[in-house]
Amino acid sequence: MSIRVRFAPSPTGYLHVGGARTALFNWLYARHEGGKFLLRIEDTDKERSSEEHTRVILDGLTWLGLDWDEALVFQGARIKRHQETADKLLAEGKAYLDDGAIRLTVPPGEIAWDDAVHGRISFQGADIKDFVILRSDRTPLYNLAVVVDDLDMQITHVLRGDDHISNTPKQIALYRALGGGAALPVFGHVPMINGPDGKKLSKRHGATAVGDYQHMGILPAAMRNFLALLGWSPGGDREIMTREEMVRLFSFAGIQQKSAIFDMTKLEWMNGQYLSATSAEELYPLVAPQLAQLGLNGRKDAVLRAIAAVKTRSRTTLDVAKQVAVRLDTRFVQLDEKGAKEIAKDPAGYKASLEASLAVLRRVDWTPETLEQHLRGLAEQRGVAAGKVFQPIRIALTGGTVSEPVNELLYVVGKEAALKRLESAISGSIPG
């Protein structure tokens, strides 16, 4: 059997992280099985659907690296097909008119399926009751449109969120009524995504649209990896995975039944891992526009040096941009609380250390190796630990107490700019 799965978003809003996770699971399964991943835009709600939302959804999937097979299907263009199907059921006595609407007759008895995630799930037809499939204005209801489209698209597996479990018995009733020998698809319902408080993820927890995370500086590979682990486990303690590894390892068996927790701290940590492993050249096209928004247009070679220096201590590309800006332009240097406390411990010692360092730095070759060698030599000469020399320089250059190694920091800032910052710090005009 050729595997055919689909992702079917409604263009009535942006691409939610839950929808993106569903799309990813379907995509991974299709690629793992050598099948087809299809995309259907369910735009039958004309009042709330928009081309803008459709474009944002497509852009979000593309950003995540989820390509689809075959032509895009728009459900709104298939209403005539839905109407014909409802009329057929009416003519066959499997549905009836109710104030102009067509209502499906749900026979008594068990409606059950073997869910790919939860195992056997069972309902009783008597509890489902007859339901409307075509309104009196001839517009189709969700369950009818979905079943007709899935049949016509030859969908073999329907993998979607737990919130659709209540729709499934109605859709099975429709499959049975339509007959024709079409086999039921395999249904699988993945756990919902909750916020850290255990409640369904919503805007009160922060950003919920995939596009928001893109603008926050999350890398697509990191977002894809993070989403994959929301309700699925590849086994073992494996966390960082390439797209190819996820395709190879993905299976329904790895999908968990309990709700997943969206942990922003975990996402930022994971993004940091990807930033560390990504070259400065690859990050440049993402960081440069963010620098421009900050009002900084630095030379590419200087920006690349700064990116390389700060990326391993960053969590987002916006974080990278802010740290690059500090290194390339004094306008962005601000003394933080820890830096101020460090200076306050011994203001005279801070100034004296900078004066001694400045005297050495004015006469050395400006390479990371030489800078480290001479500064360590200064520490030995003064009879103090190297950190006592390095930390005042770090504070003077960045305003803070954490950075890359000070010799690398000096090299990135550049000799002329670094010496000016140290002179300003000694005079008390810029941090300290």
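Count residues from 1 along the sequence. Quick caveat, the model's predicted, so the values are computed rather than measured.
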(request) Identify whether the distance between the nearest side-chain nitrogen and carboxylate oxygen of D329 and R331 falls below 4.0 Å. (result) yes
(request) Would you give the length of the straight line joining atom CG of L38 to atom CG of N26, rounded to the nearest 0.5 angstrom? (result) 9.5 Å
(message) Quiz question: by atom type and distance under 3.5 Å, do the side chains of W113 and D115 form a donor-acceptor pair?
(response) yes
(request) Answer yes or no: is there an ion pair linking R299 with D301, defined by an N-O contact shorter than 4.0 Å? (result) yes
(request) Indicate whether the side chain of D67 and that of W27 have a donor and an acceptor atom separated by less than 3.5 Å. (result) yes
(message) Pairing donors with acceptors under 3.5 angstrom, does anything connect the side chains of E342 and T401?
(response) no
(message) Please evaluate residues Y14 and D212 with respect to the criterion side-chain hydrogen bond (donor to acceptor under 3.5 Å, both in side chains), reporting the C-alpha separation (whole Å), side-chain torsions for both, the decisive distance (0.1 Å), and the verdict.
(response) CA-CA 10 Å; Y14 299 110; D212 292 337; over 6 Å; no
(request) Going by the side chain to side chain contact (heavy atoms under 4.5 Å, CB included) test, name the single residue among I395, L361, I393 that passes it with L354. (result) I393
(request) May I ask you to check whether T85 and H82 show a side-chain donor-acceptor distance below 3.5 Å? (result) no
(message) Taking E281 first and then K300, would you say they form a salt bridge - that is, a charged N and a carboxylate O separated by under 4.0 Å?
(response) yes
(request) Identify whether the distance between the nearest side-chain nitrogen and carboxylate oxygen of K200 and D162 falls below 4.0 Å. (result) no
(request) Would you check if there is a donor-acceptor pair between the side chains of T156 and R4 at a distance under 3.5 Å? (result) no
(message) Aromatic contact between F7 and F37, with the criterion being ring centroids under 6.0 Å apart: yes or no?
(response) no
(message) Whether the D43 and Q75 side chains hold a donor-acceptor pair (N or O, under 3.5 Å, no angle test) is what I'd like checked.
(response) no
(request) Could you tell me which residues satisfy side chain to side chain contact (heavy atoms under 4.5 Å, CB included) with V17, sequence neighbours excluded, listed by chain and number? (result) L201, V210, Y213, M223, L227, F262
(request) Before accepting this row, confirm whether a basic side-chain N of the pair R55/E51 lies closer than 4.0 Å to the acidic partner's carboxylate O. (result) no
(message) Under 4.0 Å between a side-chain nitrogen and a carboxylate oxygen: does that hold for K88 and E84?
(response) no
(message) Closer than 4.0 angstrom, basic N to acidic O: yes or no for E408 and R327?
(response) no
(request) May I ask you to say whether E110 pairs ionically with R120, meaning some side-chain N is under 4.0 Å from a carboxylate O? (result) yes
(message) Would you say the ring centers of W232 and F250 fall short of 6.0 Å from each other?
(response) yes
(request) Quick one: do N167 and H164 satisfy side-chain hydrogen bond (donor to acceptor under 3.5 Å, both in side chains)? Show the steps, please. (result) CA-CA 5 Å; N167 286 319; H164 281 285; 3.1 Å; yes
(request) Check the pair T22 / R160 against side-chain hydrogen bond (donor to acceptor under 3.5 Å, both in side chains), numbers first and verdict last. (result) CA-CA 6 Å; T22 297; R160 56 192 179 188; over 6 Å; no
(message) Check D87 with R138, please: is the shortest side-chain N to carboxylate O separation under 4.0 Å?
(response) yes
(message) Looking only at side-chain N and O atoms, does T370 offer a donor or acceptor that is under 3.5 Å from a partner on T367?
(response) yes
(request) Answer yes if the side chains of Y274 and N225 hold a donor-acceptor pair under 3.5 Å, and no otherwise. (result) yes
(message) Distance to the ring centre below 6.0 angstrom and angle to the axis at most 45 degrees; does that hold for R21 and F25?
(response) yes
(request) Taking the six-membered ring of F226 (Phe, Tyr or Trp), confirm whether the NZ or CZ of K266 is under 6.0 Å from its centre and within 45° of its axis. (result) no
(message) Walk me through whether E282 and S279 qualify under side-chain hydrogen bond (donor to acceptor under 3.5 Å, both in side chains).
(response) CA-CA 5 Å; E282 291 174 290; S279 71; 3.1 Å; yes
(request) Could you verify whether a donor N or O on one side chain and an acceptor N or O on the other, from T316 and E268, lie under 3.5 Å apart? (result) no
(message) Does E337, at its CD atom, have more than 12 non-hydrogen atoms belonging to other residues, nucleotides or ligands within less than 6.0 Å?
(response) no
(request) Answer yes or no: is there an ion pair linking D150 with R40, defined by an N-O contact shorter than 4.0 Å? (result) yes
(message) I want to check a possible cation-pi pair here: R103 against F131, using under 6.0 Å from ring centre and within 45° of the ring axis as the test.
(response) no
(request) Evaluate the ring planes of H189 and F187, with Trp represented by its six-membered ring, and classify them as parallel (under 30°), tilted (30 to 60°) or perpendicular (over 60°). (result) parallel
(message) Whether R78 and D152 form a salt bridge (side-chain N of Lys/Arg under 4.0 Å from carboxylate O of Asp/Glu) is what I want to check.
(response) yes
(message) With a 4.0 Å cut-off on N to O distance, would you call K322 and D319 a salt bridge?
(response) no
